[in-house]
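Okay, structure first, notes after.
None of the values given here were measured: they were computed from a predicted structure. One-based numbering, in listed order, for ligands and for the atoms of each.
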Amino acid sequence: MVVLFCGLAGAFLLNLWGRTAPLKLIPLVDRSFLDTATVRRSYADLVAAKDDLSDFDCYACHERKKPPVLRYDANHKLIVPQEHSDIVMGHGEQGRNNNCFNCHDETNLEQLLARDGRVVKFQDSPQLCGSCHGPTFEDWEAGAHGRISGYWDRKLGAFKRQACVNCHNPHSPKFPSRKPAPGPHLLRPPIAVPTETADAN
Ligand code: HEC
Ligand code: HEC
Ligand code: HEC
Ligand code: HEC
């Protein structure tokens, strides 16, 4: 017996059967995935934060009684002037809605003009978008498109509905694809699933 137990103790000491590998440290999720800020700040956000509004001060450069003239190249593609080079037009796949005055009011640049002729303030730009994107606008109002944050119970506090331009650049509104957030970390390596069971699904 003594010899047997000494032998066993020796085997354990020498680690003859090996040890289970130590668990790997789980890396922390990249902080950028936890950021709740929207991809853009709207005019309303800039006003609320008392930020630089010079881009919206149209008549610092334009003349009130002289609407800017739209210029096109030989392929009837809109030429965006140097002073507005931060604007990249690409509204719709074929640039179908690139005409500045489909949205901006020619006679008063400091306001927007909806498709149905309604004058819309920059703060209320979803009304403009809604005049062409009716179904999406209705989804947005119902809370199925976009994002609402704040209180579910309105008695406890206010809620905030993000504007279309918080997520879509009005000039090139296609939402760029983004990297998906990583899946949950498994404590142990997954067990291989037999192929028959996998196929049954
Ligand atoms: C820093 C000066 C500056 C500001 C601020 C500015 N613009 Fe302009 N904009 C220009 C210049 C310069 C041109 C080119 C000459 C022209 O057409 O008058 C231009 C051209 C335009 C055009 C014609 C674009 C084209 O493709 O031909 C539109 C429309 C326009 N601006 C709208 C606006 C609106 C709306 C605002 C405010 C929200 C604004 N601009 C603010 C300087 C400015
Ligand atoms: C689909 C509608 C739409 C079209 C088309 C459009 N705009 Fe705009 N534009 C907007 C809206 C809405 C805002 C305000 C966005 C916000 O709140 O951030 C804006 C903001 C601006 C601003 C101020 C902020 C900035 O981005 O500099 C300028 C200048 C401007 N537009 C010029 C133009 C010019 C020039 C054209 C044509 C080449 C044009 N826009 C075409 C809807 C449009
Ligand atoms: C004057 C009408 C009009 C207005 C106003 C308008 N849009 Fe559009 N929008 C269009 C058209 C036309 C298309 C292209 C549809 C297509 O190509 O099938 C489009 C396409 C889009 C797309 C899809 C882009 C893509 O490339 O897949 C988005 C997103 C969008 N608009 C958002 C907005 C937002 C946000 C606003 C308000 C700032 C707005 N639109 C205002 C007419 C409009
Ligand atoms: C919180 C962000 C957010 C807000 C707010 C938002 N959208 Fe979107 N929208 C998206 C995303 C993300 C997509 C892209 C979905 C995809 O690529 O499958 C999208 C897609 C779209 C499209 C493309 C066609 C479609 O329905 O898939 C249109 C048009 C559109 N949005 C219009 C609007 C309008 C108009 C508003 C405001 C009334 C608005 N969006 C508000 C995030 C937003």
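At a 3.5 angstrom cut-off on N or O pairs, Arg96 counts as close to ligand 3. For ligand 2, the polar-atom distance check finds no N/O of Ser125 at less than 3.5 Å from any of the ligand's N/O atoms.
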| query | Between Trp17 and Phe12, does a ring pair (Phe, Tyr, Trp, His ring centres under 6.0 Å) hold up when you go through it step by step? | reply | CA-CA 8 Å; Trp17 296 282; Phe12 280 128; 5.5 Å; yes
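Other residues, nucleotides and ligands contribute more than 12 heavy atoms inside 6.0 Å of the OH atom of Tyr59. Atom CZ of Arg115 is surrounded by 12 or fewer heavy atoms from other residues, nucleotides or ligands within 6.0 Å. The local environment of OH in Tyr151 is sparse, with at most 12 non-hydrogen atoms from other residues, nucleotides or ligands closer than 6.0 Å.
Note on His91: counted as a metal contact of atom 8 (Fe) of ligand 3, an N/O/S atom lying under 2.8 Å.
Heavy-atom proximity to Val165, at under 4.0 Å, picks out these atoms of ligand 2: 16 (C), 17 (O). Each of the atoms 29 (C), 35 (C) of ligand 3 lies under 4.0 Å from some heavy atom of His168. Of all atoms in ligand 3, numbered sequentially from 1 with element shown, those under 4.0 Å from a heavy atom of Cys164 are 35 (C). Every atom of ligand 3 with a heavy atom of Pro170 under 4.0 Å away is listed here by number and element: 38 (C). Remark: ligand 2 atoms within the under-4.0 Å shell around heavy atoms of Arg40 are 18 (O). Listed by number with element, the atoms of ligand 2 under 4.0 angstrom from any heavy atom of Asn97 are 1 (C), 5 (C).
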Protein N/O near ligand 1 N/O, under 3.5 Å, which pairs?
{"residue": "ligand 1", "atom": "7 (N)", "partner": "His62", "partner atom": "NE2", "Å": "2.8"}
{"residue": "ligand 1", "atom": "7 (N)", "partner": "His84", "partner atom": "NE2", "Å": "2.8"}
{"residue": "ligand 1", "atom": "9 (N)", "partner": "His62", "partner atom": "NE2", "Å": "2.8"}
{"residue": "ligand 1", "atom": "9 (N)", "partner": "His84", "partner atom": "NE2", "Å": "2.7"}
{"residue": "ligand 1", "atom": "17 (O)", "partner": "Arg71", "partner atom": "NH2", "Å": "3.2"}
{"residue": "ligand 1", "atom": "26 (O)", "partner": "Ile79", "partner atom": "O", "Å": "2.7"}
{"residue": "ligand 1", "atom": "27 (O)", "partner": "Val69", "partner atom": "O", "Å": "3.2"}
{"residue": "ligand 1", "atom": "27 (O)", "partner": "Arg71", "partner atom": "N", "Å": "3.4"}
{"residue": "ligand 1", "atom": "31 (N)", "partner": "His62", "partner atom": "NE2", "Å": "2.8"}
{"residue": "ligand 1", "atom": "31 (N)", "partner": "His84", "partner atom": "NE2", "Å": "2.9"}
{"residue": "ligand 1", "atom": "40 (N)", "partner": "His62", "partner atom": "NE2", "Å": "2.9"}
{"residue": "ligand 1", "atom": "40 (N)", "partner": "His84", "partner atom": "NE2", "Å": "3.0"}

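Here NE2 of His171 is found 7.5 Å from SG of Cys103. Values are rounded to the nearest 0.5 Å.
Checked by atom type and distance alone, the side chain of Asn166 pairs as donor or acceptor with a backbone atom of Arg40 at under 3.5 Å. A donor-acceptor contact shorter than 3.5 Å links the side chain of Asp153 to the backbone of Lys155. Judged by distance alone, with hydrogens and angles left aside, the side-chain atoms of Ser131 form no donor-acceptor pair with the main-chain N or O of Asp116 at under 3.5 Å. Using a distance-only test at 3.5 Å, with no hydrogens or angles considered, no donor-acceptor pair links the side chain of Arg71 to the main chain of Pro81.
Using the six-membered ring where Trp is involved, Phe122 and Phe56 have ring planes that are perpendicular, over 60° apart on the 30 and 60° scheme. Ring orientation note: the planes of His91 and His133 are close to parallel, at an angle under 30° on the 30°/60° scale.
Shortest distance from atom 8 (Fe) of ligand 3 to His133 is reached at NE2 (N/O/S atoms only).
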